[in-house]
Number of protein chains: 2
Amino acid sequence: MMLSAQTTARDVGRILRVIALMPVVSIGIAAVHGEFYAVPAFALTAVVMAGIGTALSTRYQDAEPPGKLEAMVTAAMSWALTGLLGSLPFLFIAATIKYDPYPAVANTPVMNDTVSVFLRPVDAVFESMSGFTGTGLTMATKEELLPKSLHWWRSFTEWVGGVGVIVLTVAILARPGSGSLTLYESEARSEKIHPSVVSTVQEIWKIYVGLTLSSVLLFLVVGMPLWDALNHGMTGIATGGFSVHAASIGHYGDPLIEYAVVPVMVAGSIAFPVHYLIVKGELRNFYTDLQTRWVFIWFSAGSVLLTGLLHHANQYETLEETFRVALFQFVSATSNAGFGTVTIGEGTKQVWGTSPVLLSCLGMLTGAAAGSTVSGIKLIRAITLVKGTAWEIKRVFVPSSAVRYFEIGERRLKDSQFRREYTEAAVVLILWLSTLLVGVVVLLQVLSPEHPLEYVLFEVMSAQSNVGLDSGITGPTMPNLSKIMLVVNMWVGRLEIIPIAVLLSSLFQRFDLYR
Amino acid sequence: MMLSAQTTARDVGRILRVIALMPVVSIGIAAVHGEFYAVPAFALTAVVMAGIGTALSTRYQDAEPPGKLEAMVTAAMSWALTGLLGSLPFLFIAATIKYDPYPAVANTPVMNDTVSVFLRPVDAVFESMSGFTGTGLTMATKEELLPKSLHWWRSFTEWVGGVGVIVLTVAILARPGSGSLTLYESEARSEKIHPSVVSTVQEIWKIYVGLTLSSVLLFLVVGMPLWDALNHGMTGIATGGFSVHAASIGHYGDPLIEYAVVPVMVAGSIAFPVHYLIVKGELRNFYTDLQTRWVFIWFSAGSVLLTGLLHHANQYETLEETFRVALFQFVSATSNAGFGTVTIGEGTKQVWGTSPVLLSCLGMLTGAAAGSTVSGIKLIRAITLVKGTAWEIKRVFVPSSAVRYFEIGERRLKDSQFRREYTEAAVVLILWLSTLLVGVVVLLQVLSPEHPLEYVLFEVMSAQSNVGLDSGITGPTMPNLSKIMLVVNMWVGRLEIIPIAVLLSSLFQRFDLYR
Ligand SMILES: [K+]
Ligand SMILES: [K+]
């Protein structure tokens with residue numbers, strides 16, 4: 001089969017036209033906050049996005065309907081293009097502040113060091129890609145110095161990117177063997193939420209909005225200011241992790257707030273089809289659903305282990321503080337949310353030791369449930385690989401004629417089906433580790449050699465698993481090549497790698513044909 | 001199926017009785033060098049080995065014939081037991097030198113710091129296990145201070161361990177799907193060398209002796225003293241890597257010798273069934289055999305890449321020296337030989353940077369051909385994983401009804417067969433990386449935190465892939481727990497992990513039954 005490039009171009013165009021509504025909505029937010037100078041920036045962004053989108057979708061409107069192949073490539077392309085174009089508000093607003101072209105009524109502020117960074121396209125693209133992929137690594141040195149319009153734009157990109165990922169994994173990547181389609185069919189004991197993709201998206205959207213509002217409310221109750229609660233509620237449920245404060249959740253120095261953020265990150269880690277069933281009253285899915293059960297087991301076990309490692313290193317004063325730091329950071333890493341309450345590393349200066357950093361990396365690698373907003377290889381694949389490996393070893397104890405079933409959750413797989421799913425999970429793991437290695441090697445080449453390997457690994461893992469915790473490496477002063485590399489890691493990680501690999505294969509195939 | 005413990009005990013006993021011939025032979029070597037004080041030590045070792053072996057094989061002589069399950073567990077157990085008992089010559093000779101119980105004619109030397117280390121059982125076991133697994137990491141600070149009897153014993157353990165591994169992988173681990181049996185059937189275009197295991201072993205033994213003698217001769221020709229040539233010939237073809245000099249091959253400071261060692265390490269990296277065919281005149285196997293072809297491709301590519309990294313870091317003076325160092329060290333790492341010509345790291349003090357260390361780790365991980373004396377996951381598995389991953393991605397371009405064949409070397413696999421082999425390779429990779437991670441975490445806990453992560457990783461990888469290159473961590477002063485951990489890594493790595501996992505599963509199974 002050949003990829004229909006026209007179909008892909010049309011569908012990417014259609015998605016862009018929808019995305020163009022984002023800057024339109026943002027005009028309202030800017031106006032409400034009296035940041036009138038930001039209005040033209042958003043308007044221009046909307047025009048560019050809608051223009052490109054309409055051009056593509058009109059030019060190729062007669063293209064074939066998409067197949068699975070086109071859907072994958074469309075997902076890969078639209079994340080790339082949206083990430084690129086999402087940089088425009090950063091660029092335009094920074095330029096507006098620099099050149100100050102409007103009358104005083106526009107309220108243009110004076111330039112500061114945090115905003116001026118976004119005059120550079122690479123930094124603006126980094127921030128936008130970090131937002132749309134739900135990563136949360138940032139080029140903003142001090143978030144408090146950003147206009148509210150950009151606070152909003154950052155949170156909005158993560159929030160929309162989050163729902164986009166759920167739709168992607170539930171509707172498009174839900175190929176047999178990925179564990180996602182089968183998950184919804186068998187694990188959650190329901191048919192797909194609704195037969196058609198459109199109504200699936202509608203149901204997900206409702207639950208997503210509901211959970212966002214609940215999160216905002218919770219944050220207000222524990223004492224967060226309204227603007228903070230709104231932004232952190234949006235970036236929390238999206239497990240995006242952008243904050244309006246440089247010190248993230250650590251800014252408040254309030255244990256109550258820190259504990260309150262944890263359940264929001266956990267909620268973002270659970271598959272949205274499971275949320276749907278729970279909302280419908282089927283509470284037993286908390287423990288009957290395999291991935292949901294393991295969210296709680298893995299988050300608990302990892303937090304306790306991390307508490308032990310940090311306590312052993314006397315990193316914090318009291319055991320309560322150590323536990324709170326470990327719980328928050330492990331859940332943040334493994335849910336791929338990326339909020340922080342403490343400094344993990346300062347680039348070349350060690351804060352956390354190697355072992356707690358490696359444990360956090362393991363959490364980032366697994367991620368949580370497929371079908372949620374998290375990234376990483378997903379718990380369903382991790383469980384398949386761990387249980388499957390043990391199952392393969394036990395094979396020697398069984399006569400080769402025996403019929404065995406691989407039991408995972410409430411499913412029983414025949415040998416051939418098991419090998420299909422195990423192979424799929426192993427393919428993702430191997431591609432994941434390979435891309436990670438490329439990122440680490442590139443960063444090692446361009447960063448000063450004083451950065452410990454575990455910090456470099458942590459940073460690349462954070463980008464690729466769309467986490468956003470950092471070891472002090474990411475920032476506006478890092479070399480451009482490392483920014484571009486991390487952007488690629490974010491993109492690859494967000495799409496579970498396979499669509500990127502398919503896109504690259506398509507390009508190679510096409511190249512061969514044109515020779 | 002249940003493991004027959006009696007069968008295993010009997011077969012381990014039989015193997016021990018054969019191993020007991022090693023100290024007997026060594027008595028002659030000690031006598032020839034006038035080290036008469038070492039004769040009782042070897043004699044006592046032979047008595048202990050033969051005693052335990054005979055006790056086991058006699059007590060259980062009526063046990064059932066072994067199945068595949070028993071063969072695997074026997075392999076795991078006999079490597080463990082041989083490793084333990086192989087420590088006796090170190091212990092006994094060190095004790096003899098300490099207590100000096102014999103008349104002057106026995107030529108007992110005075111004690112020195114290198115020999116006194118072997119008064120400690122854990123160091124003696126480390127050295128013996130490093131020998132029998134063909135690793136070459138050493139507790140000897142200055143090999144020049146060891147008696148010739150111990151030079152010999154170290155080299156002899158590696159040489160016998162090497163042929164043991166070939167027999168193990170060709171005759172016992174050659175299960176379908178491992179790539180080894182199928183390799184000999186299809187790749188090398190021959191049936192198994194000979195139908196029966198006994199004659200297979202005989203053929204391998206002949207080739208092994210022939211290659212050893214050729215290596216010794218080559219080393220003599222390029223100017224190594226006889227004793228050095230004999231020991232390095234034995235440890236070279238076994239890709240064991242023990243040396244009679246603290247500076248290993250770097251001791252000679254002679255480029256000619258360094259270049260001459262490379263082909264010996266390469267010879268040890270090629271499957272012995274392929275050697276057999278080549279000896280019979282079928283020279284085309286150099287390029288038609290998949291693994292052999294990739295030995296040359298991977299060794300060349302890796303050496304060039306390592307040259308680039310070391311040159312970029314200005315590590316050595318001339319480009320020729322940089323190339324020679326890179327070629328030697330990469331071939332040494334990837335062949336798992338472990339000879340060295342330069343210092344890679346000094347424990348807490350960096351010599352090589354992170355990137356060249358990681359590249360060397362990658363070489364150690366892959367290793368070379370299954371069916372040779374090397375360790376690591378083996379090229380056939382690495383190729384299966386890399387090609388198979390690409391093949392899985394291309395699946396989206398093919399209608400699901402299409403019949404595809406996975407081509408690897410000259411074999412064409414159906415989908416089900418492909419997934420079987422891919423799964424087997426992925427299982428080994430995952431177990432390999434997990435065991436490695438355990439080793440790294442344990443070493444991080446017990447070593448001072450000043451050791452860079454990449455050096456700790458390098459050291460554990462070197463142990464598990466039975467390489468023997470070191471980054472300055474291994475030595476008599478390292479904590480006992482880290483010595484024990486590395487011994488476990490060596491043991492697990494030597495047996496390709498699966499037999500160890502089967503052994504552990506058997507123990508768990510038995511434990512369950514007895515409850
Ligand atoms: K995140
Ligand atoms: K070795």
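By convention in this document, chain letters (A, B, ...) are assigned in the order of the sequence lines, proteins followed by strands, and residues within each chain are numbered from 1.
Residue contact with chain B, scored on non-hydrogen atoms closer than 4.5 Å, is absent for A:L504. When heavy atoms are compared at a cutoff of 4.5 Å, B:L457 does not approach chain A at all. Only the side chain of B:L429 comes within less than 4.5 Å of a heavy atom in chain A; its backbone stays farther off. Contacts between B:S434 and chain A at a heavy-atom distance below 4.5 Å are absent for every atom of the residue.
Ranked by heavy-atom pairs under 4.5 Å with chain A, the list B:V456, B:L431, B:V441 is led by B:L431. For chain A, the option among B:E392, B:R419, B:K394 with the highest count of heavy-atom pairs below 4.5 Å is B:R419.
For the atom pair B:I497 CD1 and A:I393 CD1, the distance stands at 9.0 Å (nearest 0.5 Å). Distance check, rounded to the nearest 0.5 Å: OG1 of A:T423 to CG of B:D415 gives 9.0 Å. From B:T354, atom OG1 reaches atom CG of A:L453 across 6.0 Å, with rounding to the nearest 0.5 Å. Remark: B:T389 OG1 to A:I430 CD1 distance equals 4.5 Å, nearest 0.5 Å.
Residues B:F397 and A:V502 share a closest heavy-atom pair of CZ-O, 3.6 Å.
Within the 4.5 Å cutoff, the side chain of B:L444 has heavy atoms near those of the A:L358 side chain. Residues A:L433 and B:L433 form a side-chain contact, since some pair of their non-hydrogen atoms from C-beta on lies under 4.5 Å apart.
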